[in-house]
Amino acid sequence: MQRFTQLVKILSNSTKTNEKLEALRHYFTTADTLDKPWVLALFSGRRPKRTVNSSQLKQWCIKTANLPEWLFEECYHTVGDLGETIALLLPDSGQQLSTHPLHYWLEQLMRLEKAPEADKQQFILQAWQELDTGERFVFNKLITGGFRIGVSQQMMVNALSLAYDIPPATLSHMISGNWDPRQTTLETLLHADNTNADDSKPYPFYLAYALEDGPTALGQPEDWVAEWKWDGIRGQIIKRNGQLFVWSRGEELITEKFPEYAPLQDALPEGTVIDGEILTYANDFPLPFQSLQTRIGRKNVTRKQLQEAPVAFLSYDLLEWQGQDIRDKPLQERRQLLEQVVEFTNHPALRLSPVITFDSWERLTELRQQSRDQGSEGLMLKRRSAPYQVGRKRGDWWKWKIDPFTIDAVMIYAQKGHGRRADLYTDYTFAVKDGDKLVPFTKAYSGLTDKEINEVDNWVKRHSLEKFGPVRTVQPELVFEIAFEGIAASNRHKSGVALRFPRIHRWRKDKTPEEINTLLDLQQLLQQYKG
DNA sequence: TTGATAGCGTC
DNA sequence: TTCGGAA
DNA sequence: TTCCGAAGACGCTATCAA
């Protein structure tokens, strides 16, 4: 545990990529064999399921440190991170320190899943006693997740790439999919033969960048393929050794959630991996994302759902064909093979994302305006000659979404942020006019620069009216333009509407609160958007 | 049994 | 998903 | 150019109090 705590300290004290890479490389070349797969799991989004919840941790900390609850809350708001707050508040135990390794603590935590609350409490309190402040922080983060120390999946891939001398793209594939840190070592996982050991193993997804300034800078239109950008969830379908697997972008195995795909187990040719989008359909037309949402986290699908909103897989790329990894072939070749595969499979659950024909960028610009009519949220542009790459790479795949909506609104509440924004009011609620009243309709994450955030923070501190816990009401004076991707009816909010991806577009210092948009404007937008 | 809420996935 | 900041 | 942290809405599940 000391070793890992030391690593976390180095990582969190530095913002320099090379320093972090070196620290990780060194760790992976020298650390405890049983700890290593756990570190990879923790830093690549494979944290074990949480077995102790936040309110329990909070209560036990309050008891141990003998604090009034309000003081704990006050500390938490200042520190901005539960695990760190607790580590700082716990008294020094003065006991003999523990020498258990990282994997011991993680395995013990996992064993608590079904344990009675009293056992959990005893274990956590014991751990807090045995560990010093730095280790306690790490221990708490093992439970609550999210180290926020500037290391994520990609940096892990790069560090392992250095430590084991394997190219990042290959390595990314090796560590993809399902593996258990208790059952495997890094040496096994990163062995060249291991890529084929698991029939379910997915390929890392290739992701697109947003096209900011239109396509003309991309060169000749004939070098590019355009498709609609579908508003579903990204998926990968695998047929190997007679088995069918469906993966989500977050590398969750979601095969069982979509019984519609079960027939593909027989229909798909052997040794096939398809990249595409999971969508619900009605009358041959894709349904809004909201209808898919009811399927994502659900355990049992109702018959009604299967009838009214059946799921199909809209395929747009072929990664494996006849058992061969074909990601290095140019897109147009992969596309041809994909078309053959879809035709051969011949099942309504497997569709082909149509290619949009266009002869000039002007024509494509016109077509983009029709995106909503197609049930899509814009265009995808893919270079014909491009291989299927790993992760987000600039150059060959672009998403060109339709322009967002915008609304002018006034800030009415402010709240402090978390982590590196724990000191600042960065969390704002906005309102539109309804007659002479103001109606809150959204929160928006800050699209402001640090400089603007400081300015707003300063202003909030001088113009707050009332305090409700962490929330301050402020004089309704500051006007912002809010951008968002979509609008839907909602019961959650007083305004009756909910926005998709709301963010601050710009600070309208030129506008007064009298000039902002109204609730009626939002309602009209809602009608219009519903078509 | 109902209702609220934390947690976690999707975008 | 979005965004700004840092390397 | 790439990566990271901080942030939004939604729906479902599990859990716990009324």
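A quick note: this is a predicted structure, and the numbers were derived from the prediction, not measured. Within every chain, numbering begins at 1; the chains are lettered A, B, ... in the order of the sequence lines, protein sequences first and strands thereafter.
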Tyr281(A) meets the ring pair (Phe, Tyr, Trp, His ring centres under 6.0 Å) criterion, sequence neighbours left out, with none

What is the nucleic acid contact for Arg394(A), judged by heavy atoms within less than 4.0 Å: base, sugar-phosphate only, or nothing? base

For Tyr209(A), which contact category applies under a 4.0 Å heavy-atom criterion: base, sugar-phosphate, or nothing? base

Asp275(A) and Tyr388(A): CA distance, side-chain angles, deciding distance, side-chain hydrogen bond (donor to acceptor under 3.5 Å, both in side chains) verdict
CA-CA 10 Å; Asp275(A) 180 20; Tyr388(A) 188 93; 2.9 Å; yes

Outer limits of DNA chain B sitting under 4.0 Å from a non-hydrogen atom of chain A, read 5' to 3', are dG7(B) to dC11(B)

Quick check with a 6.0 Å cut-off and a 45 degree axis cone: is Arg249(A) positioned over the face of Phe205(A)'s six-membered ring?
no

Residues in residues 403-421 of chain A with a heavy atom under 4.0 Å of DNA chain B, by number, are none

Here the residues of residues 50-62 of chain A within 4.0 Å heavy-atom distance, strictly under, of DNA chain B are Arg50(A), Asn53(A), Ser54(A)

Is the phosphate of [N] approached by [X] (side-chain N or O, under 4.0 Å from OP1 or OP2)?
| X | N | result |
| --- | --- | --- |
| Ser490(A) | dC10(D) | yes |
| Lys401(A) | dT1(C) | no |
| Thr15(A) | dA7(C) | yes |

Atom CD of Gln293(A) and atom C1' of dC10(D) are separated, to the nearest Å, by 4 Å

Charged N-O contact under 4.0 Å between Lys416(A) and Asp457(A) | no

Across all chains, not counting sequence neighbours, the side chain to side chain donor-acceptor pair (under 3.5 Å) partners of Tyr445(A) are none

So, with a heavy-atom separation below 4.0 Å from DNA chain C, the residues of residues 438-458 of chain A are Tyr445(A), Gly447(A), Leu448(A), Thr449(A), Asp450(A)

